[in-house]
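Only this structure's heavy atoms are used, side chains among them; waters, hydrogens and symmetry mates stay out. Just so you know, these numbers come straight off a predicted model, no measurement behind them.
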Amino acid sequence: MRILGINALFHDPAAALVIDGRTVAAAEEERFSRRKHGKRPVPFSAWELPEQAAMWCLRRAGLRPQDLDVVAYSYDPELALPAEVMGLHDPWDHLRQTYAREVPGFLATALPGLDPGIVRFVPHHVAHAASSAFAADGADRSSVLVLDGRGERASHLAARRIGSRLEPLHAQDLPHSLGLVYEELTEHLGFLRSSDEFKVMALASHGTPRLLPELRRYVHPTGDGGFRATGVPWAEFCPPRGADEPWTAAHADVAASAQAVLEETLLDLARWLHGRTHDQVLTLAGGVALNCVANSRIAREGPFSRVWVQPAAGDAGTALGSALYLAAQAGEDPEPMDGADLGRDWSDAELGAWLKTAGVPFERPADIAATVAQALADNAIVAWFQGRSEYGPRALGHRSLLAHPGHEGNLERLNDVKGREQFRPVAPMVLAERAAEIFDGPLPSPYMLFVHDVAADWRERIPAVVHVDGTARIQTVDRAREPLVARMLTEFEKRTGLPVVVNTSLNTAGRPMVDDPRDALECFGSSPVDLLAIGPYAVRRGELFRSGGDS
């Protein structure tokens, strides 16, 4: 079957194409529209569809809309209740339900030739669950935990995968929501709600959880697979912070306390689920599963032998999950994800044509990996644009900014390049076979979704990637899966003795990750990056400005 999955209702609109159980393509609309998260998660934007992402997925497979067998939409309006009944203050939420009910017609307009009769609604949290349970390798019998802000009427789902079936075990009804509580704190601390929650997680490392006992009054597990999480009076814990105001110790302590109570609650939910299933494998999805600190605590202290997190754990991942779910229901055996590089790519000839059109001086070295390794050894900042773009919010060696980890000042330097807060860490990438000697935590970690303790004798050697609490959010690189990245890491170690390179996303603050060659050239031209490695070609900043942009 040819199934197109669509996520659109709340935020991070995305499309994914699954053919005969195999994931062919997946992409987020923000990468095409260049609007962060695709849109804001307000009722008035619920009608906006991932039109460009969907059409690209079809083009990737050589299909037309009329060639599809099913379109899976990751929300079922028939399950929704009025906002006031769910205890939510959202007077315009009914617009979401109206738009969702009309989505078959909207999709037929957006994708000319599509039969609206083939559109199927998949419950939001079922789509989340399928995105992890059916995408993880070796998870035929596994437990799955989903937590986010909200779905139709719940904010959580505990379930079990047995072959092609997903068996729901428990759901937490709204208004109780760990995701919404974390979003409220994000806004209280002066960050952008439903966008900057990762900043709260980073800020938490700078504080102490001294307010944890008070927070437990409002957020705590109930012992039956559910929890209570609503009505937190954040202003009683610390004053609100303006977006342009400096953060204080009080703000960091509230963030640390919220992070701690989140972790406690998630651990209880994981233990309850294991008590029901006794599975060895746990898969995670939903926006809360992007909290890599909490993921690591579940892996370290929880009862499961293995924890796997969907790399597009947020709402974008439900596009893939809804398609995988319907594939499994149709009797197809969904193939596990082989990697997160499911987006667009360009041939060497196409990239060369882009560079010639842009009129920039470039070279084609004998080995771009060795060229980049030498530049990094010389303490250059490198924009790395290789292969297919990533699905999800993490740069995983396809659309990355790279730097030398041995210079402590490179953390501040990269944050300046990206225009973001200085308390934010950057991440290391390391060859999978070298990771255990440097980092202690869940291995392998190919999707940068866990934090690891950095070995004491390495902290001074790679200070740029060590967070204030002595941890790092690592990406392990498999030589067979990522030969070019592996070769670059090997060449860098030959020159420096360090098997680690700084890896952060190729973008600047408030903008989506770079996706196509034009994005890469714009980012390179507008920020102090020394070298752009785009396919086999190298564009050097010094040469660009010496030539005045003429090739």
Taking atom CD of E408 as the centre, report whether more than 12 heavy atoms of other residues, nucleotides or ligands fall under 6.0 Å from it. no
Just by modelled atom types, is the A380 backbone N or O under 3.5 Å from a matching donor or acceptor in the D378 side chain? no
Is it the case that the side chains of D519 and N507 hold a donor-acceptor pair, with the cut-off being a distance below 3.5 Å and no angle test? no
Is there a side-chain contact between M448 and I474 in this structure, where contact means two heavy atoms from C-beta onward sitting under 4.5 Å apart? no
When rounded to the nearest 0.5 angstrom, what distance separates CD1 in I19 from CD in E335? 11.5 Å
Just by distance, do the side chain of E350 and the backbone of S347 share a donor-acceptor pair under 3.5 Å? yes
Quick one about H125 and D148 (side-chain donor to acceptor, distance below 3.5 Å, no hydrogens or angles considered), yes or no? yes
Side chains of K39 and S33, donor plus acceptor under 3.5 Å: no
Using a strict threshold of under 4.0 Å (side-chain N to carboxylate O), is an ion pair present between D196 and K199? yes
Pairwise distance CG(D338) to CZ(R481) - rounded to 0.5 angstrom: 4.5 Å
Could I get the full list of salt bridge (charged side-chain N to carboxylate O under 4.0 Å, His left out) partners for E29, not counting sequence neighbours? none
Check against side chain to side chain donor-acceptor pair (under 3.5 Å), N291 and E197: CA-CA 9 Å; N291 191 304; E197 283 68 29; over 6 Å; no
Nearest 0.5 Å please: distance from the CZ atom of R495 over to the CD atom of E491. 5.0 Å
Is the shortest side-chain heavy-atom distance between H188 and E184 below 4.5 Å? no
Check for me whether the distance between the ring centres of H404 and F492 falls short of 6.0 Å. yes
Can any side-chain N or O of T471 pair as donor or acceptor with the backbone N or O of H467 at less than 3.5 Å? no
With rounding to the nearest 0.5 angstrom, report the OG1 to CZ distance, T504 to R399. 15.0 Å
Partners passing salt bridge (charged side-chain N to carboxylate O under 4.0 Å, His left out) against K36 (at least two apart in sequence or in another chain): none
As an exercise, state the distance from CG of D345 to CG of D516, rounded to the nearest 0.5 Å. 12.0 Å
Y182 side-chain N/O to L262 backbone N/O, donor-acceptor pair under 3.5 Å: no
Assess, by modelled atom type and distance only, whether the side chains of Q475 and N503 contain a donor and an acceptor separated by less than 3.5 Å. yes
NZ or CZ of R424 within 45° of F198 ring axis and under 6.0 Å: no
Would you tell me whether E482 and H398 have side-chain atoms, one donor and one acceptor, within less than 3.5 Å of each other? yes
Take D515 and S389, measure what side chain to side chain donor-acceptor pair (under 3.5 Å) needs, and give me the verdict at the end. CA-CA 6 Å; D515 196 82; S389 59; 2.8 Å; yes
L282 side chain near W308 side chain, heavy-atom distance below 4.5 Å: no
Identify whether NZ of Lys or CZ of Arg in R394 sits under 6.0 Å from the centre of the six-membered ring of Y447 and within 45° of that ring's axis. no
Taking every non-hydrogen atom, the tightest pair across T508 and C523: CG2-SG, 4.4 Å
State whether the number of non-hydrogen atoms from other residues, nucleotides or ligands found under 6.0 Å of R511 atom CZ is greater than 12. no
Contact check, side chains of F524 and E522, non-hydrogen atoms, under 4.5 Å: no
NZ or CZ of R241 within 45° of F191 ring axis and under 6.0 Å: yes
CD (E460) with more than 12 external heavy atoms under 6.0 Å: no
Inspect the surroundings of CZ in R518 and state if more than 12 heavy atoms from other residues, nucleotides or ligands are less than 6.0 Å away. no
Pair F10 and Y75, ring centroids less than 6.0 Å apart: yes
Taking atom CH2 as the centre, does W47 end up with more than 12 heavy-atom neighbours from other residues, nucleotides or ligands that are less than 6.0 angstrom away? no
If I take atom NE2 from residue H11 and atom OG from residue S45, how far apart are they, to the nearest 0.5 angstrom? 10.0 Å
Could you tell me whether the side chain of H128 and the main chain of G321 form a donor-acceptor pair under 3.5 Å? no
So, H206 versus W247, ring centres under 6.0 angstrom or not? yes
Would you say the side chains of N7 and S74 form a donor-acceptor pair under 3.5 Å? yes
